[in-house]
Amino acid sequence: MASCIQELHFTHLHIPVTINQQFLVHPSSPTPANQSPHHSLYLSNLDDIIGARVFTPSVYFYPSTNNRESFVLKRLQDALSEVLVPYYPLSGRLREVENGKLEVFFGEEQGVLMVSANSSMDLADLGDLTVPNPAWLPLIFRNPGEEAYKILEMPLLIAQVTFFTCGGFSLGIRLCHCICDGFGAMQFLGSWAATAKTGKLIADPEPVWDRETFKPRNPPMVKYPHHEYLPIEERSNLTNSLVCSTFDAMAAHIWRSWVKALDVKPLDYNLRLTFSVNVRTRLETLKLRKGFYGNVVCLACAMSSVESLINDSLSKTTRLVQDARLRVSEDYLRSMVDYVDVKRPKRLEFGGKLTITQWTRFEMYETADFGWGKPVYAGPIDLRPTPQVCVLLPQGGVESGNDQSMVVCLCLPPTAVHTFTRLLSLNDHK
């Protein structure tokens with residue numbers, strides 16, 4: 001098994017980027033937002049929970065297109081304007097209403113922000129395009145002085161197109177997680193790409209809002225403890241150690257190896273592993289129409305003491321993960337919605353927690369052909385701001401074929417990297 005594990009390193013470099021223009025893109029024809037000056041849209045508690053109040057940044061790299069920069073930019077802009085008719089909520093903004101709850105509202109000067117930029121580098125100068133690299137941050141637009149986690153009064157989609165001297169370009173996207181989860185994002189991106197490629201609006205399936213489906217019950221009924229959201233005092237050395245199915249077994253193996261590599265203490269401290277579960281296929285009484293692109297994911301939570309994680313077998317830890325995953329049902333989701341309505345958590349909790357995010361579930365490469373082929377890389381950029389998050393990525397690109405390799409991305413102090421790699425390579429199934 002050791003030969004299957006390879007440690008990858010991102011290239012250290014500086015990417016000079018010059019911003020040429022910024023402009024708002026509006027829906028190409030009237031939408032329901034134009035019919036009323038006070039039009040607003042409800043967001044469910046799945047949409048506006050604290051963990052969704054972020055922008056998800058991603059970048060897509062495309063080699064030489066043999067097209068003028070102005071042609072590429074116009075194709076992307078025109079297609080986006082068309083797609084924003086059925087996906088018009090993305091042209092709105094977020095505001096807080098009673099009890100800190102969010103809603104989408106609309107105004108004349110709103111729209112999606114698009115940015116055009118140039119770099120004096122070739123794509124080849126960026127080195128390895130198979131793993132996320134913090135050096136790519138200039139390819140994602142942020143307002144000067146923009147505060148961290150700012151989502152109110154912000155464009156809900158920000159797209160930066162950066163052209164390189166070789167004729168290739170990158171599409172850097174910041175998409176507000178309150179509007180859609182990963183599956184919904186792929187639905188939107190696929191529609192934008194197909195529209196750009198064909199020159200006509202493609203919205204299949206037709207997007208639907210329907211966030212009222214997940215309204216809390218009256219009165220709320222919280223049936224589960226929801227350890228995934230509870231604040232837990234950080235009594236271990238875990239946070240201080242960090243500087244910046246198949247899934248069940250892989251998640252368990254990563255969790256154990258991570259804890260062992262960091263030499264977490266004390267041994268009686270309870271740790272949490274959280275991961276999102278797509279509940280779309282688990283709904284029974286709640287019915288979603290095809291084309292729903294909102295958040296329908298629920299956090300599952302496995303718990304174990306440090307001592308048990310270190311000493312128990314991998315199969316036992318895998319059962320913990322499996323039990324947590326299977327525990328997520330429609331009833332669990334409705335309980336979580338009610339819990340958020342009652343508690344309204346105000347901050348992310350990282351005490352004793354590792355969160356695993358599966359980008360392997362998303363067809364990032366297949367959905368992102370805007371007419372110039374699939375990207376050579378599609379995925380996140382910088383994992384350092386969330387050091388207790390592990391991201392699982394497909395081994396990407398147009399040349400990967402049926403390769404089922406996976407890239408495991410997480411932050412570790414330099415002293416723990418070798419140990420983690422060795423532990424992950426061990427065939428330890430006792």
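Computed from a predicted model, the values in this text were never measured in an experiment.
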Those residues at least two apart in sequence (or on a different chain) that pass side-chain hydrogen bond (donor to acceptor under 3.5 Å, both in side chains) with N278 are R280
[X] atom [atom1], neighbour heavy-atom count above 12 within 6.0 Å:
{"X": "K290", "atom1": "NZ", "result": "no"}
{"X": "E109", "atom1": "CD", "result": "no"}
{"X": "E366", "atom1": "CD", "result": "yes"}

In this structure, which one of W209, F105, F106 forms a ring pair (Phe, Tyr, Trp, His ring centres under 6.0 Å) with H39? F106
Determine whether F183 and F362 satisfy the following criterion, ring pair (Phe, Tyr, Trp, His ring centres under 6.0 Å), listing intermediate values before the conclusion. CA-CA 7 Å; F183 295 97; F362 309 136; 5.1 Å; yes
Would you check if the distance from the ring center of W192 to the ring center of F370 is below 6.0 Å? yes
Establish, from distance only, whether the side-chain atoms of D338 and S335 form a donor-acceptor pair under 3.5 Å. no
For D128 and T130, does a side-chain donor sit closer than 3.5 Å to a side-chain acceptor? yes
Student check: side-chain heavy atoms of [X] and [Y] closer than 4.5 Å:
{"X": "S305", "Y": "D268", "value": "no"}
{"X": "C298", "Y": "R282", "value": "no"}
{"X": "L299", "Y": "I49", "value": "no"}
{"X": "P380", "Y": "L393", "value": "yes"}
{"X": "C180", "Y": "L175", "value": "yes"}
{"X": "S304", "Y": "K316", "value": "no"}
{"X": "L354", "Y": "L271", "value": "no"}
{"X": "M154", "Y": "N143", "value": "yes"}

Can you give me the closest heavy-atom contact between [X] and [Y], atom names plus distance?
{"X": "L94", "Y": "C176", "result": "CD1-SG, 3.8 Å"}
{"X": "P86", "Y": "V83", "result": "CD-O, 3.0 Å"}
{"X": "L309", "Y": "R256", "result": "O-NE, 3.4 Å"}

Got a donor-acceptor contact below 3.5 angstrom from the [X] side chain to the [Y] backbone?
{"X": "D181", "Y": "V296", "answer": "yes"}
{"X": "K353", "Y": "E228", "answer": "yes"}
{"X": "R211", "Y": "I179", "answer": "yes"}

Give, for atom [atom1] of [X] and atom [atom2] of [Y], the distance between the pair rounded to the nearest 0.5 Å.
{"X": "R93", "Y": "L156", "atom1": "CZ", "atom2": "CG", "result": "6.5 Å"}
{"X": "R325", "Y": "F247", "atom1": "CZ", "atom2": "CZ", "result": "8.5 Å"}
{"X": "Y42", "Y": "E212", "atom1": "OH", "atom2": "CD", "result": "7.5 Å"}
{"X": "F164", "Y": "D122", "atom1": "CZ", "atom2": "CG", "result": "9.5 Å"}

Could you walk me through whether R53 and E96 pass the salt bridge (Lys or Arg N to Asp or Glu O under 4.0 Å) check? CA-CA 12 Å; R53 295 187 175 204; E96 285 190 342; 3.2 Å; yes
With the threshold set at 4.0 Å, does a side-chain nitrogen-carboxylate oxygen contact exist between E153 and R95? no
Please verify the inter-ring angle class for H226 with Y224; under 30° counts as parallel, over 60° as perpendicular, anything in between as tilted. perpendicular
Hey, what's the ring geometry for Y87 with F188, parallel, tilted or perpendicular (30° and 60° as the breaks)? perpendicular
For salt bridge (Lys or Arg N to Asp or Glu O under 4.0 Å), just list the numbers for K150 and E146, CA-CA rounded to whole Å, side-chain angles, deciding distance to a tenth of an Å, and then say yes or no. CA-CA 7 Å; K150 177 178 172 62; E146 180 182 321; over 6 Å; no
Among L102, N295, V97, find the one that has a side chain to side chain contact (heavy atoms under 4.5 Å, CB included) with L43. L102
Option from L171, T162, N133, I173 for which side chain to side chain contact (heavy atoms under 4.5 Å, CB included) with L139 holds: T162
Apply the side chain to side chain donor-acceptor pair (under 3.5 Å) test between K101 and each candidate in D341, D48, D47; give the one that qualifies. D48
Residue pairs passing the ring pair (Phe, Tyr, Trp, His ring centres under 6.0 Å) test with at least one member in residues 110-147, sequence neighbours excluded, are F61-W136, W136-Y377
